[in-house]
2 protein chains.
Amino acid sequence: MRKGEATRARIVDEAARLAAQRGLTAVSLADVAEAVGLSKSGLFKHFDSKEAMQVAVVENVMERFTAHTWTPAADLPTARERLEKVFECWLDWEDMVWSESGCPIIAFSVELDDQPGPVRDLLQHSLKRWRRTLVNQFVDLREPPLTETEAQAAYFQMKSFAMGYMDARRMMGDTDARRSATSAFVSLLERTAKAAA
Amino acid sequence: MRKGEATRARIVDEAARLAAQRGLTAVSLADVAEAVGLSKSGLFKHFDSKEAMQVAVVENVMERFTAHTWTPAADLPTARERLEKVFECWLDWEDMVWSESGCPIIAFSVELDDQPGPVRDLLQHSLKRWRRTLVNQFVDLREPPLTETEAQAAYFQMKSFAMGYMDARRMMGDTDARRSATSAFVSLLERTAKAAA
DNA sequence: GGCGTAAGCGACCGGTCGTGCTCTTTTCTA
DNA sequence: TAGAAAAGAGCACGACCGGTCGCTTACGCC
């Protein structure tokens, strides 16, 4: 049973890579099979349907995302340091881990935001958990703590900058994008931490 | 030749509507033909290929975008008023004009950012013209004028908020998204206009 | 070390894809 | 109003789609 698990993991990895480039529905089972060196029918020993494979891809991507951005930050002493580390890793995630395809989370979000179904539900649920984690960090950014509304507004900007960074770098070819994103985020932290309750 | 032009316009409109929902490549010619009440082969009297239709869709969407966001703002007296108006119309564009599908420009950007070809080239070119227009407004926001770099950084944040707004409202179901986006943008204008040279 | 089962292959299914080709109908114009 | 040109229908094509079935192979456990 060990061999099967390894193969399944390879399938999910390749499917995620292809889906990040072309979209979740646009990648065909034949594409994945060829990329992983399997026959199309062999895939069905690991997934009952294409949709089941998409679910596994979203799970895989979200796990890798939190591992890449939250794990290095979780143990830092202050909320400010944690937020700075998360944002830095977030930008790295977008242009180092996924340099050839763009961030799959953003791609999946845009693709699925009007396509109801289990894949969208899973993505939405994972993203809400992520937002909860980050909003909590913003709450702790200041003493007295930020209100929930204030923290959500700050998270809105943080995520906006992460999305804007990908667009600027990939679509617009903006070589200054990283500087713009970083300084925008630092300025956000500055203001948010300073603002009076 | 008049009738043909009207039909062609209907085709492009329907194709844009469907492409905003499902993506440019995911929408099939059969879908478009049915939506517009034509046969699949009838489409080829107006477009030589699917790609040619996609080009027309991107042209159409970008024209409507600038008409919707820039035209109402162009004649306002100050850069600040123009920018505020553009941003307000931008949010309206996303959740009123395209309430059932999400903004096609963002969708196309994410879909095409790693798919070279004439469709991507056209989109990129149009978006760069749009950025130029907005960056010029930011330059004029303050006396002494902003540097090109400062203005581009401000535009980066503006576009980020517009993208974040769509994600927050559509994917995350954030009912406060409009308030978050608007206050973030107003705060950006405030800071940018005030900052010393 | 034999054996059950998981892993994987190849052929094939009905359906849809984009795109030609031919033929008819409609529309514009001289 | 006649006739050319445009608009559009119908059909067929090869390729590819997600998915099924039966077969063989190879692994993992007793």
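In what follows, every chain begins at residue 1, and chains take the letters A, B, ... in the order their sequences are listed.
Across the protein-nucleic acid pair, A/Glu34 atom CD and C/dC9 atom P stand 13 Å apart, rounded to whole Å. What separates CD1 of B/Ile11 from C1' of C/dG18 is a distance of 15 Å, to the nearest Å. Atom pair B/Glu5:CD and D/dG8:P shows a separation of 12 Å (rounding to whole Å applied). The separation between A/Lys45 atom NZ and D/dT24 atom P is 14 Å, rounded to whole Å. Going from atom CG of B/Leu38 over to atom C1' of D/dG10 covers 13 Å, rounded to whole Å. Distance, B/Arg8 CZ to D/dA6 P: 15 Å, rounded to whole Å. In this structure, A/Arg22 atom CZ and D/dC16 atom C1' are separated by 13 Å, rounded to whole Å. Atom CG in B/Leu29 sits roughly 6 Å away from atom P in C/dT19 (whole-Å rounding).
Atom CH2 of A/Trp98 and atom CD of A/Gln21 lie 9.5 Å apart (nearest 0.5 Å). The OG atom of A/Ser183 lies 8.5 Å from the CZ atom of A/Phe161; values are rounded to the nearest 0.5 Å.
Side chain to side chain, B/Gln152 and A/Ser180 fail the donor-acceptor criterion of an N or O pair below 3.5 Å.
Considering only side-chain atoms of A/Phe44, the nucleotide from D/dT20, D/dG22, C/dG18 that sits closest is D/dT20. Considering only the side chain of A/Ser39, C/dG8 comes nearest among D/dA9, C/dG8, C/dG18. When distances run from any side-chain atom of A/Ser49 to the nucleotides C/dG20, C/dG18, D/dG19, the shortest one goes to D/dG19. Comparing atom distances between the A/Ser28 side chain and each of D/dC17, D/dG22, D/dG8 picks out D/dC17 as nearest.
Not a single donor-acceptor pair, N or O on each side, falls under 3.5 Å between the base of C/dG10 and the side chain of A/Lys40. Residue-to-nucleotide contacts include no donor-acceptor pair under 3.5 Å from the side chain of B/Lys50 to the base of C/dG18.
Between C/dA11 and A/Ser41, no contact under 4.0 Å exists linking OP1 or OP2 to a side-chain N or O. Note on B/His46: every side-chain N or O is 4.0 Å or more away from OP1 and OP2 of D/dA6.
Residue contacts for A/Leu43: at a heavy-atom cut-off of 4.0 Å it reaches no nucleic acid atom on any strand shown. Counting non-hydrogen atoms under 4.0 angstrom, B/Val27 reaches the backbone sugars and phosphates but no base.
Criterion: ILVMFWY side-chain heavy atoms under 4.5 Å apart, direct or through other members. Under it, B/Met172 and B/Met163 are not part of a common hydrophobic cluster.
Salt bridge A/Arg132/A/Glu148: present, at least one basic N to carboxylate O contact under 4.0 Å.
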